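Scroll down for the structure; my scribbles are underneath it.
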Amino acid sequence: MIKKAEPSTTPSMQELVSLCKRRGFIFQSSEIYGGLGSCWDYGPLGVELKLNIKRLWWEEMTSHPNIVGIDASILMHHTVWEASGHVEGFNDLLVDCKACKQRFRPDDLTAQICPSCGGELTSARKFNLMFKTFMGPVEDEANIVYLRPETAQGIYVNFHNVVESARLKVPCGLAQIGKAFRNEITPGNFIFRTREFEQMEMQYFVRPGDDEKVFEEWLQSRFDWYARLGIDSHRIRLHEHMKDELAHYAKKAMDIQFEFPFGWQEIEGIHNRTDFDLARHQQYSRRNLEYFDVETNAHYIPYVIETSAGCDRALLATLLDAYSEEEVRGEKRVYLKFPKAVAPVEIAFFPLLKKDPLIEAADKLFHDFRRRYRSMYDDAGSIGRRYRRQDEVGTPFCVTVDFQSLEDQKVTVRDRDTMEQDRVAMDRLAEYFEDKFAHHE
Ligand code: ATP
């Protein structure tokens, strides 16, 4: 278990959005043109944070002896989406306001009139959430392709290629990280619900009959994984889909939910998809997608246990949970308590003052360390302000070179959480950090 120092505070979404913009985590897409609704761009720190989350997920999956990765293309044959049931069934209900033309999901409405202007609403109709485009220069029905609404189908259609080429035996899993697109009717809550997002999905193929046991194992393992992002286990919980909530393909489905400022909401789904997907692809492609089990001497279509996590939602939960506020000498200190493996910057290097010999020494350390650790150099503003900036982006350590350093060859290392300072000999700094980062927690 990862221990975190108290205190932790939940910021308002507004506070978090503003910190993300100010410090270069996340910006509104196309902001200079007034922004594009529900699309967000990751800035220098956001992209590092996201990469770290993806790396931790990827390592977790591919360190498993029977799991390999793939990277399928976003555009796929249109029949894939007929086989998967998305063309027919990936719909949300939608109502329009006849007066102001805004659109709503009926389940978001509490009254029969438009919540925005009080106008009359149309009756509900189905709206397919897949983005459509055309392949090639001719814009006709035959050339329709969809932007994938989930990464899972890329795994199912490659199942046989991968199992044969990688010589895998069931039970085995395929892991994939990639973009997915859904034309959500009511996106919102910052990066929580967007129309373009990233998924981290692993589909685990098992013998029919083993599915229920394996489902429980993956459920536990996925729940536990969030501790690696520093997320407090009290702020996540499981929610089981009741019969009427279950997707057409699912025998059992559990959500891992996080306590967002706007309520408990899903960050990952674990589903028992049975043999639905492979059986449907077998039917639509007319290819034999059965697996021959040499141990049991039987042909069957494997069952699939799916773990489907949203990268952006995991990142939002990580930011919210890491956010901490405390009072230090009458002033508010905001810091992000990221685990070291998650922090976008691991070590920041400062000269105490903007003086040549100090700059030179700090810059040298920065160059020595930046290949080994995600590092940053900063000499702008007072040292207090620089510490505050690094606290706000969650940098675990700051190293300061002062005039004394030029005499005794020692630097000050400040710890983000305790604000304690160690005086460390420069020639022992590598060893010092090796020890500090050893367990990468
Ligand atoms: P919701 O009920 O919130 O729409 P869902 O049940 O449709 O989610 P899944 O189809 O199970 O979601 O997708 C798996 C994961 O992908 C979700 O747990 C979530 O983390 C992520 N995800 C799905 N839709 C979005 C979206 N519009 N924006 C960001 N992440 C998303």
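Treat the numbers as computed from the prediction; the structure is a model and nothing was measured. Just follow the structure's listing: the first ligand is 1, and inside any ligand the first atom is 1.
- Between I191 and ligand 1, not a single N/O pair is under 3.5 Å apart.
- Aromatic rings from F260 and F258 are positioned such that their centres are separated by under 6.0 Å.
- Note: F366 and Y377 have tilted aromatic rings, judged against thresholds of 30 and 60 degrees for the angle between ring planes.
- The protein atom (non-hydrogen) at minimum distance from atom 29 (C) of ligand 1 is F192 O, 3.1 Å.
- Atom CD of E88 sits in a sparse spot, with 12 or fewer heavy atoms from other residues, nucleotides or ligands closer than 6.0 Å.
- Here the heavy atom of the protein found nearest to atom 19 (C) of ligand 1 is R313 NH1, 3.5 Å.
- Between the side chains of D293 and Y291, no donor N or O sits under 3.5 Å from an acceptor N or O.
- Looking at atom 28 (N) of ligand 1, its nearest protein heavy atom turns out to be T194 N, 3.0 Å.
- Within ligand 1, the atoms closer than 4.0 Å to a non-hydrogen atom of E184 are 24 (N), 26 (C), 27 (N), numbered from 1 in the order shown.
- In summary, the atoms of ligand 1 found under 4.0 Å from a heavy atom of E268, numbered by their order in the structure, are 18 (O).
- With hydrogens left out, the protein atom closest to atom 4 (O) of ligand 1 is R193 NH1, 2.7 Å, a heavy atom.
- Ranking the protein heavy atoms by distance from atom 21 (C) of ligand 1 puts G310 CA, 3.7 Å first.
- Relative ring orientation between F181 and F131 is described as perpendicular, the plane-to-plane angle rising above 60° on a 0-90° scale split at 30° and 60°.
- Taking each of A180, G269, S308, A317 in turn, the one with a heavy atom nearest to atom 15 (C) of ligand 1 proves to be S308.
- Taking a 4.0 Å cut-off on heavy atoms, I267 registers as neighbouring ligand 1.
- When hydrogens are left out, the protein atom nearest atom 11 (O) of ligand 1 is E266 OE2, 3.3 Å; that is the closest non-hydrogen contact.
- Numbered from 1 in the order shown, with element, the atoms of ligand 1 that lie under 4.0 Å from a heavy atom of H271 read 11 (O).
- Across R182, H241, E150, heavy-atom proximity to atom 5 (P) of ligand 1 is greatest for R182.
- F397 and F437 have their aromatic ring centers within a separation under 6.0 angstrom.
- Q176 and E201 form no side-chain donor-acceptor contact under 3.5 Å, judged by distance and modelled atom types alone.
- Which of F197, F90, F258 comes nearest to atom 31 (C) of ligand 1 through a heavy atom is settled by distance: it is F197.
- An N or O contact shorter than 3.5 Å links Q199 to ligand 1 by distance.
- Under 3.5 Å, the side chains of D108 and T186 contain a donor-acceptor pair of N or O atoms.
- Note on residues 64-75: no pairs pass side chain to side chain donor-acceptor pair (under 3.5 Å), not counting sequence neighbours.
- Using a cut-off of 4.0 Å between Lys/Arg side-chain N and Asp/Glu carboxylate O, E59 and R55 are scored as salt-bridged.
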